[in-house]
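Notes follow once the structure below has been shown.
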Amino acid sequence: MYNAIVVGGRCAGAAVGTHLARRGLRVLVVDRSTFPSDVLSTHFVWPHGASYLNRLGVLDQIKAVTPGHTHVTMVNNGLPLRGSVPEELLRNQFRLLHDDDRGITTEYFSVRRHVLDKILVDNAVRAGVEFREGYTVKELLRDEDGTVVGIEGRDGTVEHAQVVIGADGRNSFVARALGIGKFDERPRCTYAYWSYFSGIPDAEAQLHRRGRLGMAMASTNHGQTMVLTWGPSEWAERFRADVEGNFHRALGLISEEAADTVARARREERFYGTLDQAAYLRQLHGPGWVLVGDAESFKDQCTALGITHALRDAELAAEAIGRWLGGETDRDTAMAGYAAKRRSQTAAAYYDYVCTLAEMKPLRHDELQLFAILRGNQAEIDRFIATHVDVAPVSEFFDPSNVFLLNDTAKESSRDHSAFADFEATYREHQRNPFSLAAAEATR
């Protein structure tokens with residue numbers, strides 16, 4: 001009899017298993033994959049994600065093989081903002097969520113999943129987790145009241161536990177077996193294509209947005225740089241008609257400098273892509289079961305928070321389960337505390353923020369004006385970056401009183417920026433699918 005069985009052994013699963021094992025609980029983690037192995041992921045880890053990895057005790061292992069940085073450049077229609085996530089805001093977030101700010105770091109990195117997941121699995125085993133890879137769950141076991149009490153594997157093994165944790169991703173078997181449906185679904189999202197290039201010097205991450213297209217460049221493992229492009233899902237079909245050609249075409253439309261850099265580099269792997277990033281929420285817990293990571297909620301990749309949020313949710317869930325199984329409180333009270341933090345107004349506002357960004361509407365004039373007036377105000381640039389990556393509340397930065405204050409204290413205006421020249425015509429042009437135009441030209 002285990003205290004907890006975790007279905008899924010990657011970021012969320014290995015992390016929640018490690019936290020529970022360190023509380024002295026008997027934990028089994030199962031995964032149908034074997035490790036090391038990759039999984040479709042854009043694998044960016046923001047400073048709070050790196051802080052969670054530090055709290056798990058694996059940050060130094062990851063930094064030994066992965067370039068790390070503290071500053072990032074975000075460019076909107078040619079308007080650059082360079083900054084970092086302030087340490088005090090990070091500490092505030094950890095105190096609010098976990099009542100302590102151990103292990104805070106302002107570094108971020110982009111770590112391949114075959115590297116990260118293997119490190120997390122090995123760390124879980126060192127913490128005392130029993131780990132079974134290549135193990136597929138056939139069904140969930142329930143008692144006469146419907147409470148989940150264990151699992152049966154396809155190999156015929158049966159294991160019992162006080163709680164079964166679904167950490168098995170977007171297509172969660174645990175959620176499907178329990179009939180847990182999705183709600184607050186947001187079908188409008190982005191497509192994304194990326195690959196890995198050598199010959200690009202290690203540098204801070206760049207995130208670009210122009211019109212309805214976006215791109216990112218981030219140093220990763222093995223001396224390579226991940227280059228990613230994305231756009232609105234309704235443009236995906238035309239993009240897929242010529243992935244490599246449209247990949248470079250998109251880079252050229254977004255940033256000629258970045259496109260030139262990539263054109264001089266060498267592509268080391270095939271292109272990877274994802275077309276369905278529709279967001280959703282699921283019920284968080286029930287009798288004998290809990291969901292964490294993508295199994296309980298998913299958002300578009302455009303803010304690159306998947307791994308970071310999986311690590312956060314794993315620690316929150318482990319804290320609640322640990323208090324319950326440790327006898328500090330009853331199950332319902334512990335799980336209600338987990339749900340309160342995951343479904344707070346701040347979390348809801350950020351979910352809405354990401355889903356709105358994922359629609360990839362062209363940037364409005366007033367949005368560009370905000371980016372223009374932020375230039376020259378480093379403290380507010382840093383606070384904007386912290387807001388964008390869910391370290392500071394969306395409601396505070398975009399509160400009308402703060403926006404008016406920014407406008408009053410602005411050291412720059414939109415007057416001298418090319419982004420505002422012939423804005424109306426440019427805005428209309430940004431709404432046209434450039435890959436449709438390319439396809440039409442190719443058939444002439």
Side-chain angles (χ1 to χ4, degrees), residues 2-23 25-35 37-41 43 45 49 52-53 55-56 58 113 116-125 127-137 139-140 148 150-151 153 159 161-178 180 182 280-286 288-299 305-322 324-325 334-335 338-339 341-342:
Y2 294 93
N3 297 114
I5 294 175
V6 184
V7 180
R10 293 190 182 271
C11 294
V16 73
T18 300
H19 288 302
L20 291 174
R22 286 178 178 170
R23 286 175 171 263
L25 299 174
R26 188 173 181 227
V27 183
L28 170 66
V29 176
V30 301
D31 198 294
R32 63 184 179 182
S33 299
T34 57
F35 294 78
S37 59
D38 256 324
V39 65
L40 202 64
S41 170
H43 55 72
V45 180
Y52 283 113
L53 292 170
R55 291 157 75 94
L56 284 166
V58 298
R113 293 297 297 273
L116 174 63
D117 294 355
K118 177 61 174 169
I119 288 173
L120 287 172
V121 163
D122 290 346
N123 189 55
V125 172
V129 166
E130 182 180 334
F131 182 69
R132 296 183 195 172
E133 57 186 335
Y135 184 98
T136 301
V137 179
E139 64 177 312
L140 300 180
V148 177
I151 61 171
E159 304 293 354
Q162 292 171 278
V163 63
V164 172
I165 302 168
D168 48 349
R170 297 172 62 190
N171 298 313
S172 170
F173 166 81
V174 174
R176 285 185 283 114
L178 291 167
I180 306 301
K182 300 172 182 176
Y280 60 80
L281 303 175
R282 285 192 179 112
Q283 184 181 338
L284 288 160
H285 63 90
W289 61 270
V290 179
L291 298 182
V292 296
D294 287 352
E296 67 91 0
S297 71
F298 178 82
K299 298 180 296 297
L305 261 295
I307 294 174
T308 297
H309 279 171
L311 296 168
R312 175 201 62 188
D313 298 349
E315 188 165 328
L316 286 173
E319 288 167 358
I321 295 168
W324 159 38
L325 297 183
M335 291 299 104
Y338 171 53
K341 290 182 177 178
R342 286 296 297 111

Verify salt bridge (charged side-chain N to carboxylate O under 4.0 Å, His left out) between Arg132 and Glu159, making sure each step is shown before the conclusion. CA-CA 12 Å; Arg132 296 183 195 172; Glu159 304 293 354; 2.9 Å; yes

Closest heavy-atom pair, Gly322 versus Leu20, reported as atoms and distance to 0.1 Å, is N-CD2, 4.1 Å

Tell me, with the steps shown, if Leu28 and Phe131 meet side chain to side chain contact (heavy atoms under 4.5 Å, CB included). CA-CA 6 Å; Leu28 170 66; Phe131 182 69; over 6 Å; no

Using side chain to side chain contact (heavy atoms under 4.5 Å, CB included) as the criterion, point out the one residue from Leu281, Leu291, Asp313 that pairs with Arg342. Asp313

Go through Leu116 and Leu53 one step at a time and tell me if the side chain to side chain contact (heavy atoms under 4.5 Å, CB included) criterion holds. CA-CA 10 Å; Leu116 174 63; Leu53 292 170; 4.0 Å; yes

How close do Val27 and Ala21 get, counting heavy atoms only, and between which atoms? CG2-N, 3.9 Å

Which value, rounded to the nearest 0.5 Å, describes the distance between Asp294 atom CG and Glu296 atom CD? 8.5 Å

Under 3.5 Å: donor-acceptor pair, side chain of Ser37, backbone of Thr34: yes

Describe, in one word, how the ring planes of Phe298 and Tyr280 are oriented to each other, choosing from parallel (under 30°), tilted (30 to 60°) and perpendicular (over 60°). parallel

Which is it for Glu319 and Tyr338 under the side-chain hydrogen bond (donor to acceptor under 3.5 Å, both in side chains) test, yes or no, and what are the steps along the way? CA-CA 8 Å; Glu319 288 167 358; Tyr338 171 53; over 6 Å; no

Side chain Tyr135, main chain Gly153, donor-acceptor under 3.5 Å: yes

Can you find a heavy atom in the side chain of Val148 that is under 4.5 Å from one in the side chain of Leu178? yes

For Gly293 and Ala12, work out which heavy atoms get closest and say how close. CA-CB, 4.1 Å

Taking side chain as C-beta onward, heavy atoms only, is Val45 less than 4.5 Å from Tyr52? no

Please lay out, stage by stage, how Ser172 and Arg282 fare under the test side chain to side chain contact (heavy atoms under 4.5 Å, CB included). CA-CA 11 Å; Ser172 170; Arg282 285 192 179 112; 4.1 Å; yes

Asn123 side chain to Leu56 main-chain N or O, any donor-acceptor pair under 3.5 Å? yes

To the nearest 0.5 angstrom, please state how far the CZ atom of Arg312 sits from the CZ atom of Arg55. 13.0 Å

Which pair of heavy atoms, one from Ile165 and one from Ala4, lies closest together, and at what distance? CD1-CB, 4.3 Å

Can Arg10 and Asp117 be counted as an ion pair, charged N to O under 4.0 angstrom? yes

Would you check if Gln162 and Leu325 make a side-chain contact, meaning some heavy-atom pair closer than 4.5 Å? yes

Run the numbers on Ile307 and Arg113 for side chain to side chain contact (heavy atoms under 4.5 Å, CB included), then give the verdict. CA-CA 10 Å; Ile307 294 174; Arg113 293 297 297 273; 3.9 Å; yes

OH/Tyr2 to CG/Leu25 distance, rounded to the nearest 0.5 angstrom? 13.5 Å

Nearest non-hydrogen partners of Ala177 and Leu140, listed with the distance: CB-CD1, 3.8 Å

Smallest heavy-atom separation, Ala14 atom then Ala124 atom, equals O-CB, 3.8 Å

Hey, is the main chain of Gly9 close enough, under 3.5 Å, to the side chain of Asp31 for a donor-acceptor pair? yes

Does Arg22, at its CZ atom, have more than 12 non-hydrogen atoms belonging to other residues, nucleotides or ligands within less than 6.0 Å? yes

